Amino acid sequence: MKVSFNDGSIREYQDGTTLFQMIKDACPELTKKALGACFNGRKSDLSTAINEDGALDIFTFEDDGGREVYRHSSAHAMAQAVMRLFPGTRLAIGPAIEKGFYYDFDSEHAFGPEDFIRIEDEIKKIIKEDIPIVRKEVSRDEALKMFRDMEEQYKVELIEGLPEDAVISLYEQGDFVDLCAGPHLSSTGKLKNIKLMSVAGAYWRGSEDNKMLQRIYATSFPEKAMLDDYLYKLEEAKKRDHRKLGRELGLFVLLDEGPGFPFFLPKGMVLRNSLERFWREVHDEAGYMEIRTPIILNRELWERSGHWDKYRDNMYFTVIDEEDYAVKPMNCPGGMLIYKQGLHSYRELPMRMAEMGLVHRHELSGVLHGLMRVRAFTQDDAHIFMLPSQISAEIKGVIDLIDKVYTMFGFPYHLELSTRPENSMGSEEQWEIATNALKQALDEKGLPYKINEGDGAFYGPKIDFHLRDSLDRTWQCGTIQLDMQMPERFDLTYIGEDGERHRPVMIHRVVYGSFERFIGILTEHFAGAFPTWLAPVQARVIPITERHLEYAQKVHDILKDAGIRVEIDARSEKVGYKIREGQLQKIPYLLVVGDKEAESDSVAVRHRKDGDLGARPLYDFVGDIQQEISSRANK
RNA sequence: GCCGAUGUGGCUCAGAGGCAGAGCAGCUGAUUCGUAAUCAGCAGGUCGGCGGUUCGAAUCCGCCCAUCGGCUCCA
């Protein structure tokens, strides 16, 4: 028996050699005691698997690879259980994913949570049966015949899609067999703690034109404590949901009267206005000019921009004086028209025109999601017109700007590069130049990125910045799109050094993405406890009794004059009650005032995270909070 | 748009053919209190909408709308 280790070494063992001996052999530096501890304490964390050569692999769950094997074998066990309970079900695919695994089934029976317990019980039986998992390699014809006989048409389709010379392997565990490249655990007995999470529809092969299958999502861990920890974190994460916090903190509402059209409440507007102010400041520094273009423009414009042709399904229309108009789904055409006012010299370029543009897009009803995916949103857009020689520097400038903003909020992000989609405008050559320009900028910055083939905008390729929400779903926020189509379509020109007209290149870009989505991400990131500079209410004065109202009012007025967003809780409630309310509202500072404070012109400061900080002279506190706000401390 | 689930006062939820309920929030009054819930009273709902079955529907059936979890699509 060949055994390969994580360090890459491969050793030959006699059959029947124990795992203990193998590990001891691989890690001679470990004392016997340490080895014992390793087995006793975290025994289940070490597992064996049949690898792609049919040899044995030893891994730990902590490795990405080991975890994937564990989850993938869990998926097979779940599929086996489903097949036992619901004969006639057809199998599609069942991979491991970041937080667990899923398996897609085609079944007459609609799976629901009430089936989960039965399926989990059957999985437990399969684990208890400790069925050896066996790898077999078969010829293409054998595999096709077998799955045809079993009427597993999805497996047949998968095999037909494999290259001629592909090695076809099967993994067999008792009454269950699956087409699979592996690797897998050496037996079902090594599995533990498999929990079914949810069921959802998913198209076969991810295409809307195919049949919709039933996808059961589940997860698994080698130790119960790990599963409990995961479920606990999931519950905690739900408390950060911006839809829940948005209601609790009075930031925004979504109503049946306008699905996907958010209403911003006074506190939400304060937050939003702070973001706008910050945005204007950074853009002014970065050399942008601000413009504003109309929301409704005529049909001719949208035909010229290509939106009428390529984007119509997502647009809202109206008729004015018997002429067709459309509500803008993007800001660029308006920006083009502004550029076209008058002649431009090469000396004016790059010209950076920013616009907080309200756009409307008719998104499918099923995709709406709080503030993250809406039908009306304001993009913090900008269009940069430039000479071809300025492309690289401008792209890098935008990357730096986005990085600066995200870093300041403390957001981790990742990058994706999207290339030419099917439904696109322009020549192959133009797309190649544009795509390479983006790639080059990323490479020169030394930034890692993922490529999304065919995911670009219809007018050009793009670099997307993705941020994560509380449940680790990622949302595209910032984007940089290089466009060689619009300048052509709108016949944009500049006068070059040679006195001739030339075609400028254009970048579309957003930093926040949209105010709506960004506020959603921001809310979840901070769990509603926004840094003081963003907090809708920055301080709340809490008089201990009615006797202290007068002094409280004085504190309030002084803070307000100092530019602090402050309010008084004048209700005749106990201090504890008011503190609780203030904490739940995540107000950064609660200022308790009673006799002591009134006598000494001070406030008893309570910070929402640090708790009671004791009394401070009022003017010292004012200075501190002003400093904290003006520095935009991420506290 | 597709698959599945859900929809009862502002919020969180109970009620599963026979009088629409609780807690919190709100209002009124009492209490005047030192760092996460003071007490009492009052008020508040065409049970998402429309239609059907029934002597009788929040409850059963159908259609629609919205929301939630995914898929597809996207800032």
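Treat the numbers as computed from the prediction; the structure is a model and nothing was measured. Here is the naming used below: chain letters follow the sequence lines, and residue numbers restart at 1 for every chain.
For B:U32, neither phosphate oxygen OP1 nor OP2 lies less than 4.0 angstrom from any side-chain nitrogen or oxygen of A:Arg571.
Looking at A:His508 and A:Asp483, their side chains do bring a donor and an acceptor atom within 3.5 Å of each other. A donor-acceptor contact closer than 3.5 angstrom is absent between the side chains of A:Asp104 and A:Trp204. Side chains of A:Arg240 and A:Thr523: a donor-acceptor N/O pair is absent below 3.5 angstrom, by distance only. Side-chain polar atoms of A:Tyr413 and A:His466 form no donor-acceptor pair below 3.5 angstrom. Judged purely by distance below 3.5 Å, without hydrogens or angles, the side chains of A:Ser107 and A:His109 never pair a donor atom with an acceptor atom.
Counting only residues at least two apart or on different chains, the salt bridge (charged side-chain N to carboxylate O under 4.0 Å, His left out) pairs with a member in residues 538-554 of chain A are A:Arg540-A:Glu567, A:Arg547-A:Asp595, A:Lys554-A:Asp601.
Among the atoms of the strands shown, only primed sugar atoms or phosphate atoms (P, OP1, OP2) are found under 4.0 Å from some heavy atom of A:Asp455. Among the protein residues, A:Val359 comes within range of no part of the nucleic acid, since none of its heavy atoms lies under 4.0 Å from any strand. Among the atoms of the strands shown, none is found under 4.0 Å from any heavy atom of A:Lys238. When heavy atoms are screened at a 4.0 angstrom cut-off, A:Arg215 is found touching the sugar-phosphate backbone but no base atom. At a threshold of 4.0 angstrom between heavy atoms, the contacts of A:Glu248 with the nucleic acid are absent. Using a 4.0 Å heavy-atom cutoff across all strands shown, A:Ala200 reaches at least one base atom of the nucleic acid. Among the heavy atoms of the strands lying under 4.0 Å from A:Gly206 are primed sugar atoms or P, OP1, OP2 only; no base atom is included. Across all strands, A:Phe518 comes closer than 4.0 Å to no nucleic acid atom at all (heavy-atom distances). As judged by a 4.0 angstrom heavy-atom cut-off over every strand, A:Asp256 is placed among residues touching the sugar-phosphate backbone only. Heavy atoms of A:Met197 sit nowhere under 4.0 angstrom from any nucleic acid atom. Heavy atoms of A:Arg473 sit under 4.0 angstrom from primed sugar atoms or phosphate atoms, though from no base atom.
Comparing the C1' positions of B:A16 and B:U6 gives an interatomic distance of 16 Å, to the nearest angstrom. Taking atom P on both B:G45 and B:G21, the two are 13 Å apart, rounded to the nearest angstrom. As rounded to the nearest Å, B:C73 and B:C60 have C1' atoms that lie 38 Å from one another. Between the C1' atoms of B:A58 and B:G48, the separation comes to 12 Å (whole Å). Look at the P atom in both B:A22 and B:G41: the space between them is 12 Å, to the nearest Å. Across the P atoms, B:G62 and B:G7 are found 16 Å apart, a figure rounded to whole Å. Look at the P atom in both B:U8 and B:C68: the space between them is 14 Å, to the nearest Å. Annotation: B:U59 and B:G18 have their P atoms spaced 11 Å apart (nearest Å).
Near RNA chain B, meaning a heavy atom under 4.0 Å away, the residues from residues 537-551 of chain A are A:Ile544, A:Thr545, A:Glu546, A:Arg547. Looking at residues 574-588 of chain A, you'll see A:Lys574, A:Val575, A:Gly576, A:Tyr577, A:Ile579, A:Arg580, A:Gln583, A:Leu584 sit with a heavy atom under 4.0 Å from some atom of RNA chain B.
The CE atom of A:Met315 sits 16 Å away from the C1' atom of B:C74 (whole-angstrom rounding). The distance from atom OH of A:Tyr217 to atom P of B:G4 is 16 Å, rounded to the nearest whole Å.
Each of B:U38, B:G34, B:U35 was ranked by its minimum atom distance to the side chain of A:Glu597; first place goes to B:G34. Side-chain proximity of A:Ser572 to B:C33, B:U67, B:G34: nearest is B:C33. Among the nucleotides B:C71, B:C33, B:A75, the one closest to the side chain of A:Met212 is B:C71. For A:Val592, taking side-chain heavy atoms from C-beta onward, the closest of the listed nucleotides B:A75, B:U72, B:G34 is B:G34.
With hydrogens and angles ignored, no donor-acceptor pair closer than 3.5 Å exists between the side chain of A:Arg205 and the base of B:C71. Between the base of B:G1 and the side chain of A:Glu363 there is no donor-acceptor pair shorter than 3.5 Å.
Look at A:Lys233 and A:Glu236 and you find no salt bridge, because none of the NZ, NE, NH1 or NH2 atoms lies under 4.0 Å from a carboxylate O. Contact check on A:Arg280 versus A:Glu290 returns a salt bridge, with a Lys/Arg side-chain nitrogen under 4.0 Å from an Asp/Glu carboxylate oxygen.
Under the Watson-Crick or G-U wobble criterion, with both distances below 3.5 Å, B:C33 has no partner in any strand shown. Checking B:A58 for Watson-Crick or G-U wobble geometry (two distances, each under 3.5 Å) identifies no partner in any strand. The pairing partner recorded for B:C71 is B:G1, the criterion being a Watson-Crick or G-U wobble arrangement whose two distances lie under 3.5 angstrom.
Toward the 5' end of RNA chain B, the nearer of the two residues A:Arg361 and A:Arg243, judged by each one's closest nucleotide, is A:Arg243. Along RNA chain B, the nucleotide nearest to A:Arg608 and the one nearest to A:His362 differ in position, and the one closer to the 5' end is contacted by A:His362.
Atom CG of A:Leu255 sits in a crowded spot, with more than 12 heavy atoms from other residues, nucleotides or ligands closer than 6.0 Å.
Under the 6.0 Å cut-off for aromatic ring centres, A:Tyr589 and A:Phe621 qualify, their centroids lying closer than that. A centroid separation of less than 6.0 Å is found between the aromatic rings of A:Trp308 and A:Phe317.
Stacking between A:Phe111 and B:G4 is absent: the ring centroid is not both under 5.5 Å from the six-membered base ring centre and under 30° in plane angle.
A donor-acceptor contact shorter than 3.5 Å links the side chain of A:Thr419 to the backbone of A:Gly454.
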